[in-house]
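The structure under discussion appears below in the form of structure tokens.
We count ligands from 1, going down the list as the structure has it; atoms in each ligand are counted the same way. It should be emphasised that the depicted structure is a prediction, and the values quoted were computed from it without experimental measurement. This chain uses plain numbering: 1 for the first residue, then up along the sequence.
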Amino acid sequence: MNQDILLQLQNASVSYGGVKALDGIDIALDEGEIIALVGPNGAGKSTILKAIFGLVPLDGGKFCWHGQQVLPRPHEMVRRGATFVPQGRRVFSRLTVEENLETGGFVVADKQELRRRMKEMMEFFPVLGRKRRVKSGTLSGGEQQMLALARGLMTDPKALLLDEPSLGLAPKIVKEVFAKIKEINEKHKTAIMVVEHNIKSLLDIASRGYVLDKGKIIARDTSQYLLESDILERVFMGK
Ligand SMILES: Nc1ncnc2c1ncn2[C@@H]1O[C@H](COP(=O)(O)OP(=O)(O)OP(=O)(O)O)[C@@H](O)[C@H]1O
Ligand SMILES: [Mg+2]
């Protein structure tokens, strides 16, 4: 067993009704690394993150956390140290920035510790500190994405699962979001699995990547290799 592997899907399959969304997936996230998950629409990228977090059941294969097979369920995964930030930056729009952060820290029982983490997040994302009492629904897209990230970080996770963090953001904001993701990884040694269509930006911060197509992993390699090879072009242009 590789001691560095934090979490892993082995020969995992998922179906929605009769439709197979994942077919024999092997994927691992090591402690402290950033990995990229790329592929065309409908390839099964979001389903991989959902399966890891326990939002969809596996109908074949297994999931391991620290080398031990477990049945993932969202609340238990949070307690183990995983956080999922879904596609579409879900924040509670009627709640303020501060209240959103508080909900992100629901497993933190110690109120003083909860305050400390909220303060830390508002320092790490200064815009959130400035807008702490503002209703989240009025924040810009980039600010909401920062808030979604910050909420996910309230539990100080060991593993962060991010689904399309740059979706719908302007190029300059995309850069900021990716810089923050890298900074989270470097400061806290958080292992991060990122799904993205913004492949170049993602592979710039990831050490390695998986290419997914029609529910199968068709390539896995270092980011540098994936960028230099023609595999991405072939998958995305359907060649
Ligand atoms: N709740 C669901 N019910 C039925 N089919 C689903 C459901 N969610 C996903 N699927 C199907 O499973 C397959 C994989 O979907 P998934 O959302 O994982 O793809 P994706 O790679 O994240 O795509 P995108 O880049 O568009 O977000 C698709 O064919 C999709 O239509
Ligand atoms: Mg998706």
Side-chain angles (χ1 to χ4, degrees), residues 7-29 34-63 71-74 77 82-91 141-142 144-149 151-152 157 159-171 173-174 177-178 181 191-206 208-221 223 226-227 229 231-239:
L7 64 87
Q8 193 170 21
L9 284 175
Q10 287 178 345
N11 196 22
S13 298
V14 168
S15 299
Y16 294 107
V19 184
K20 208 160 210 161
L22 296 181
D23 186 6
I25 295 289
D26 286 298
I27 190 167
L29 179 65
I34 300 180
I35 66 169
L37 207 52
V38 301
N41 291 119
K45 306 178 298 294
S46 297
T47 302
I48 288 185
L49 300 188
K50 287 176 190 165
I52 290 172
F53 202 61
L55 290 167
V56 294
L58 296 183
D59 62 11
K62 59 180 187 174
F63 173 72
L71 192 67
R73 294 182 195 282
M77 289 309 295
T83 285
F84 174 46
V85 181
Q87 209 167 322
R89 37 178 185 279
R90 311 259 176 79
V91 296
Q144 288 189 21
Q145 186 57 54
M146 297 294 185
L147 179 57
L149 266 179
R151 270 191 65 208
L160 190 56
L161 310 169
L162 300 180
D163 201 349
E164 306 216 21
S166 84
L167 192 69
L169 301 182
I173 313 295
V174 171
V177 170
F178 277 91
I181 292 170
I192 310 180
M193 190 181 282
V194 194
V195 168
E196 252 302 324
H197 278 110
N198 222 313
I199 295 175
K200 173 75 172 62
S201 306
L202 173 56
L203 289 176
D204 278 347
I205 62 164
R208 38 187 209 101
Y210 292 81
V211 184
L212 199 69
D213 193 20
K214 300 184 188 79
K216 290 182 195 278
I217 287 167
I218 55 163
R220 68 188 74 209
D221 221 302
S223 297
L226 292 176
L227 282 170
S229 75
I231 178 91
L232 294 168
E233 195 182 336
R234 278 193 285 129
V235 176
F236 284 93
M237 307 306 278
K239 286 181 198 155

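At a heavy-atom cutoff of 4.0 Å, ligand 1 is contacted by no atom of Lys50, backbone or side chain.
Residues Leu22 and Leu58 fail the side-chain proximity criterion, which asks for heavy atoms closer than 4.5 Å. Inter-residue side-chain proximity for Met193 and Ile52 is flagged as met; some heavy-atom pair is nearer than 4.5 Å. Residues Asn11 and Lys62 are not in side-chain contact: their nearest non-hydrogen atoms beyond the backbone lie 4.5 Å or more apart. With a 4.5 Å cut-off on side-chain heavy atoms, Leu169 and Asn198 do not count as touching. With contacts defined as side-chain heavy-atom distances shorter than 4.5 Å, the pair Asn41/His197 qualifies.
In terms of modelled atom types and a separation under 3.5 Å, the side chain of Tyr210 and the main chain of Gly39 share no donor-acceptor contact. The backbone N or O of Ser166 sits less than 3.5 Å from a side-chain atom of Glu196, completing a donor-acceptor pair.
Near His197, the atoms of ligand 1 lying under 4.0 angstrom from a non-hydrogen atom of the residue are 25 (O). Every atom of ligand 1 is numbered from 1 in the order shown, and the set under 4.0 Å from a heavy atom of Gly42 is 13 (C), 14 (C), 19 (O), 20 (P), 21 (O), 23 (O), 24 (P), 26 (O), 28 (C), 29 (O). Listed by number with element, the atoms of ligand 1 under 4.0 angstrom from any heavy atom of Ser46 are 17 (O), 18 (O), 20 (P), 22 (O), 27 (O). Atoms of ligand 1 found under 4.0 Å from any heavy atom of Glu164, numbered from 1 in the order shown, are 25 (O), 27 (O). Below 4.0 Å from some heavy atom of Gln87 lie the following atoms of ligand 1, by number and element: 27 (O). For ligand 1 and Ala21, the ligand atoms under 4.0 Å from any heavy atom of the residue are 12 (O), 13 (C).
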Under 3.5 Å donor-acceptor pairs involving side-chain atoms of residues 212-219, not counting sequence neighbours:
| from | atom 1 | to | atom 2 | distance (Å) |
| --- | --- | --- | --- | --- |
| Lys216 | NZ | Asp23 | OD2 | 2.9 |

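Closest approach of Val195 to Pro165, counting heavy atoms only: O-CD, 3.5 Å. Heavy-atom minimum distance, Leu29 versus Ile35: CD1-CG1, 3.7 Å.
Counting only heavy atoms of the protein, atom 6 (C) of ligand 1 lies nearest to Tyr16 CD1, 3.2 Å. Distance from atom 18 (O) of ligand 1 to its nearest protein heavy atom, with residue and atom name: Thr47 OG1, 2.5 Å. The shortest contact between atom 25 (O) of ligand 1 and any protein heavy atom is with Lys45 NZ, 2.7 Å. Ranking the protein heavy atoms by distance from atom 26 (O) of ligand 1 puts Asn41 ND2, 2.8 Å first.
Protein N/O/S atoms found under 2.8 Å from the Mg ion (ligand 2), listed by chain and residue number: Ser46 OG, Gln87 OE1.
Distances from ligand 1 to the non-hydrogen atoms of Gly44 include at least one value under 4.0 Å.
For atom 15 (O) of ligand 1, a protein non-hydrogen atom is found at a distance below 4.0 Å. Distance check for atom 30 (C) of ligand 1: every protein heavy atom is found at 4.0 Å or beyond.
To the nearest 0.5 Å, atom CZ of residue Arg151 and atom CZ of residue Arg90 are 10.5 Å apart. Ile48 CD1 to Leu9 CG: the interatomic distance, rounded to the nearest 0.5 Å, is 7.0 Å. Between the CG atom in Leu49 and the CG atom in Leu55 there is a gap of 10.0 Å [rounded to 0.5 Å].
Ligand 1 has an N or O atom lying under 3.5 Å from an N or O atom of Ala43, backbone or side chain.
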